[in-house]
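Quick notes on the structure that follows.
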Amino acid sequence: MTEPHAKVVIIGGGPGGYEAALVAAQLGAKVTVVDRDGLGGACVLTDCVPSKTLIATSDMMAALQDASALGLRSDSAGGSGFATVDAPRVYARVKALAQAQSADVASRLAAEGVEIVAGSGRLAGPRTVAVGDTQLDADVVLVSTGARPRMLPGAEPDGKRILTCRQVYDLDELPEELIVVGSGTTGAEFASAYQALGSQVTLVSSRDRVLPQEDADAAAVVEEVFRRRGMTVLGRSRAISAKRSGDGVEVALKDGRTVRGSHCLLTVGMVPNTGGLGLEEAGIVLDGQGFIPVDRVSRTHAAGVYAAGDCTGVMMLASVAAMQGRIAMWHALGEAVQPLNLSHVAATIFTEPEIATVGVSQQAVTSGEIDAQAVKLPLATNARAKMHGFRDGFVKLFARRSSGTMLGGVVVAPEASELILGVSLAVEQHLTVDEMAHTFAVYPSLTGSITEAARRLMRPAESG
Ligand SMILES: Cc1cc2nc3c(=O)[nH]c(=O)nc-3n(C[C@H](O)[C@H](O)[C@H](O)COP(=O)(O)OP(=O)(O)OC[C@H]3O[C@@H](n4cnc5c(N)ncnc54)[C@H](O)[C@@H]3O)c2cc1C
């Protein structure tokens with residue numbers, strides 16, 4: 001049953017916080033969001049939205065670089081290519097778009113009657129949030145304060161040559177020689193984007209391949225594309241420091257080598273914003289890395305205090321943060337709620353080509369943890385891919401061996417983020433490979449490879 005006038009106070013206005021606010025307002029609660037940096041959070045202002053806006057430009061450049069293969073000829077004098085990057089305009093567009101998106105979030109919250117308080121919030125008692133001298137009483141508190149880039153001792157960012165992923169948009173030029181330290185999702189995305197924009201990129205990875213947490217086949221395709229396009233990928237190379245040197249930077253590696261470039265971008269993980277929030281005083285014991293432990297309905301150890309998003313360390317994605325926030329409100333306000341299920345989360349790495357995944361992993365299948373059969377179809381044989389000149393990528397599907405139920409998939413392709421939805425639906429709805437195989441795909445289309453992969457997994461009817 002809904003409590004019509006429950007008072008909800010949310011600390012942090014990112015996707016974890018603002019999506020929760022919308023649900024709570026819909027359920028009739030009196031909702032206040034306290035945010036110190038701007039609505040939409042780091043997601044909208046510094047992380048997802050800016051990076052994907054930059055990538056929209058770099059994708060366009062990558063397409064133009066391949067344009068001659070599709071029969072286009074550059075008319076520019078000297079034939080230097082189809083476009084050059086106007087870095088100040090690119091960055092201005094990124095920042096304006098982020099601000100506009102933040103303003104949209106603010107308007108939406110205002111339209112739903114959510115009160116916004118600008119400032120830093122902290123728990124000042126079991127059911128009280130303090131913002132400066134103001135005390136806000138609450139029946140329910142949601143902490144969704146996000147995370148910030150992890151620092152590497154010996155590589156302090158100066159915002160000019162040594163940068164975090166949040167500082168690149170303040171540059172007034174394109175880095176000529178960019179050293180990206182870290183080859184996880186953020187490192188790979190920025191390396192891919194800047195390479196396409198025209199920087200000479202060196203990617204420093206402490207592991208033996210890029211994207212070590214991802215599907216190995218998918219990571220291998222992306223690494224191959226990186227190298228073919230001229231990126232230097234240094235595997236098994238741990239950076240121990242980054243220092244200014246003349247008008248460039250010098251990154252020292254643990255094995256004694258040094259790498260020189262004009263700029264260095266540090267992408268070595270994120271740490272939670274959980275200090276100084278009064279959490280311990282409220283009875284919340286942080287985990288070893290400073291994250292707030294929560295259960296699958298986003299409850300913390302303290303009664304009436306919920307937490308959502310990056311500050312919980314649960315799969316650090318905007319979509320997961322938003323779902324945790326909504327679930328918290330449904331639970332707190334007495335609605336029927338399904339606990340968070342992470343096994344069906346669709347995620348994308350926005351490299352070029354993109355890697356989109358959902359459901360079980362190849363590793364779980366190979367290790368025998370899941371009894372599934374897999375099929376992998378290269379995109380190179382897909383007619384539409386040929387027309388566009390795409391040759392890197394594949395579709396991989398996993399289905400339960402006994403029943404043929406779809407368990408997951410990996411798509412490596414341009415705009416794989418858009419193509420994965422069909423696989424997500426199949427996994428979520430427990431469709432079988434037969435049902436997938438009987439679904440019409442447009443001809444010619446990249447999605448045709450998804451239905452074809454399903455056909456390859458169909459089992460012949462047993463005879464007799
Ligand atoms: C470069 C990059 C690209 C990314 N791209 C994607 C992507 O494409 N897709 C995706 O799903 N995820 C992406 N992510 C992850 C995504 O940004 C996060 O998972 C998401 O922002 C988490 O949302 P949140 O609400 O937990 O926190 P945030 O978005 O970080 O918002 C937290 C808010 O709380 C505020 N705050 C903190 N402390 C206080 C306080 N004491 N009082 C008041 N306010 C406070 C902060 O200022 C901030 O506004 C990316 C991350 C990075 C670093």
Side-chain angles (χ1 to χ4, degrees), residues 9-21 32-56 94 98 101-102 105-106 116-124 129-132 134 136 141-150 163-169 180 182 184-193 265-279 291-292 294 298 306-326 328 345-351 354-356 417:
V9 177
I10 296 172
I11 311 177
Y18 76 73
E19 289 287 347
T32 305
V33 174
V34 181
D35 191 89
R36 65 175 186 208
D37 293 319
L39 288 171
C43 173
V44 167
L45 290 165
T46 55
D47 296 350
C48 309
V49 170
S51 64
K52 265 78 260 182
T53 309
L54 182 77
I55 287 169
V94 167
Q101 186 65 18
S102 173
V105 173
I116 314 293
V117 175
S120 264
R122 67 188 158 76
L123 283 169
V129 171
V131 187
T134 309
L136 304 168
V141 175
L142 176 75
V143 181
S144 52
T145 46
R148 62 188 185 279
R150 187 166 82 81
L163 307 154
T164 69
C165 60
R166 293 181 176 172
Q167 294 173 325
V168 292
Y169 313 106
V180 178
T185 302
T186 301
E189 288 186 352
F190 276 103
S192 175
L265 171 61
L266 301 162
T267 61
V268 289
M270 303 290 284
V271 291
N273 295 327
T274 48
L277 286 175
L279 297 173
F291 292 106
I292 304 173
V294 284
S298 311
Y306 292 70
D310 283 4
C311 64
T312 67
V314 176
M315 240 185 173
M316 293 161 93
L317 287 173
S319 52
V320 173
M323 188 57 79
Q324 284 182 292
R326 293 184 203 112
V345 176
T348 293
I349 297 156
F350 289 82
T351 43
E354 296 177 356
I355 301 174
S417 49

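Counting starts at 1 for both ligands and their atoms, following the listed order. Position 1 is the first residue of the sequence; numbering continues from there.
Atoms SG and CD, on C311 and Q324 in that order, are 8.0 Å from each other to the nearest 0.5 Å. Between atom CG of residue L163 and atom OH of residue Y169 there is a gap of 11.0 Å, rounded to the nearest 0.5 Å. In this structure, the separation between CG on L39 and CD1 on I116 is 4.5 Å, given to the nearest 0.5 Å. For the atom pair CZ of F291 and CG of D310, the computed distance is 7.5 Å after rounding to the nearest 0.5 Å. For the atom pair OG1 of T164 and CE of M270, the computed distance is 8.5 Å after rounding to the nearest 0.5 Å.
Counting only N and O atoms by type, the side chains of E354 and S417 include a donor and acceptor under 3.5 Å apart.
Under a 4.0 Å criterion applied to the non-hydrogen atoms of M316, ligand 1 contributes the atoms 15 (C), 19 (O). Near D37, with a cut-off below 4.0 Å to any heavy atom, the atoms of ligand 1 are 46 (C), 47 (O). Interface atoms of ligand 1 facing T186, defined by a heavy-atom separation under 4.0 Å, are 1 (C). In the vicinity of F350, heavy-atom distances shorter than 4.0 Å reach the ligand 1 atoms 8 (O). In the vicinity of K52, heavy-atom distances shorter than 4.0 Å reach the ligand 1 atoms 3 (C), 4 (C), 5 (N), 6 (C), 7 (C), 8 (O). The contact set between ligand 1 and G16, taken as ligand atoms under 4.0 Å from a residue heavy atom, comprises 25 (O). Taking every non-hydrogen atom of I11 and a distance limit under 4.0 Å, the qualifying atoms of ligand 1 come out as 40 (C), 42 (N), 43 (C). Within ligand 1, the atoms closer than 4.0 Å to a non-hydrogen atom of G121 are 40 (C), 41 (N), 42 (N), 43 (C), numbered from 1 in the order shown.
In terms of polar-atom proximity, M270 is not counted as a contact of ligand 1, lacking any N or O under 3.5 Å from an N or O of the ligand.
Residue-ligand proximity: G119 is placed with a non-hydrogen atom under 4.0 Å from ligand 1. Distances from ligand 1 to the non-hydrogen atoms of G38 include at least one value under 4.0 Å. The closest approach between a heavy atom of S51 and any atom of ligand 1 is below 4.0 Å.
Within the 4.0 Å heavy-atom criterion, both parts of A318, backbone and side chain, lie near ligand 1. Heavy atoms of L277 found under 4.0 angstrom from ligand 1 belong exclusively to the side chain. With a 4.0 Å cut-off on non-hydrogen atoms, D47 touches ligand 1 through its backbone as well as its side chain.
Comparing G309, G14, P15 against atom 23 (O) of ligand 1, the shortest heavy-atom distance belongs to P15. Checking G17, C48, G41 against atom 6 (C) of ligand 1, the nearest heavy atom belongs to C48.
With T145 contributing its side chain and N273 its backbone, the two residues share a donor-acceptor pair below 3.5 Å. Between the S102 side chain and the G38 main chain, no donor and acceptor come within less than 3.5 Å of each other. Judged purely by atom type and a 3.5 angstrom limit, S51 uses its side chain to pair as donor or acceptor with the backbone of D47.
Closest protein heavy atom to atom 29 (O) of ligand 1: C43 N, 3.0 Å. Counting protein heavy atoms only, atom 19 (O) of ligand 1 is closest to D310 OD1, 2.8 Å. Regarding atom 34 (O) of ligand 1, its nearest protein heavy-atom neighbour is G12 CA, 3.3 Å. Protein heavy atom nearest atom 28 (P) of ligand 1, with residue, atom name and distance: A42 N, 3.6 Å. Regarding atom 44 (N) of ligand 1, its nearest protein heavy-atom neighbour is R36 N, 3.3 Å. Protein heavy atom nearest atom 37 (C) of ligand 1, with residue, atom name and distance: T145 O, 3.2 Å. Scanning all protein heavy atoms for the shortest distance to atom 27 (O) of ligand 1 gives G146 CA, 3.3 Å. Nearest protein heavy-atom neighbour of atom 49 (O) of ligand 1: D35 OD1, 2.9 Å.
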Requested in this report: Output, in order, the C-alpha distance, side-chain angles, deciding distance and verdict of side chain to side chain contact (heavy atoms under 4.5 Å, CB included) for V129 and V141.
Outcome: CA-CA 8 Å; V129 171; V141 175; 3.9 Å; yes
Check: Between I292 and V143, does a side chain to side chain contact (heavy atoms under 4.5 Å, CB included) hold up when you go through it step by step?
Finding: CA-CA 9 Å; I292 304 173; V143 181; 3.8 Å; yes
| request: Evaluate the criterion side chain to side chain contact (heavy atoms under 4.5 Å, CB included) for residue pair M323 and E19; output intermediate values, then yes/no. | output: CA-CA 8 Å; M323 188 57 79; E19 289 287 347; over 6 Å; no
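The heavy-atom pair separating L142 from A20 by the smallest distance is CD2-CB, 3.4 Å. Contact record, A328 with S298: CB-CB, 3.7 Å, taken as the closest heavy-atom pair.
Residues T53 and I55 fail the side-chain proximity criterion, which asks for heavy atoms closer than 4.5 Å.
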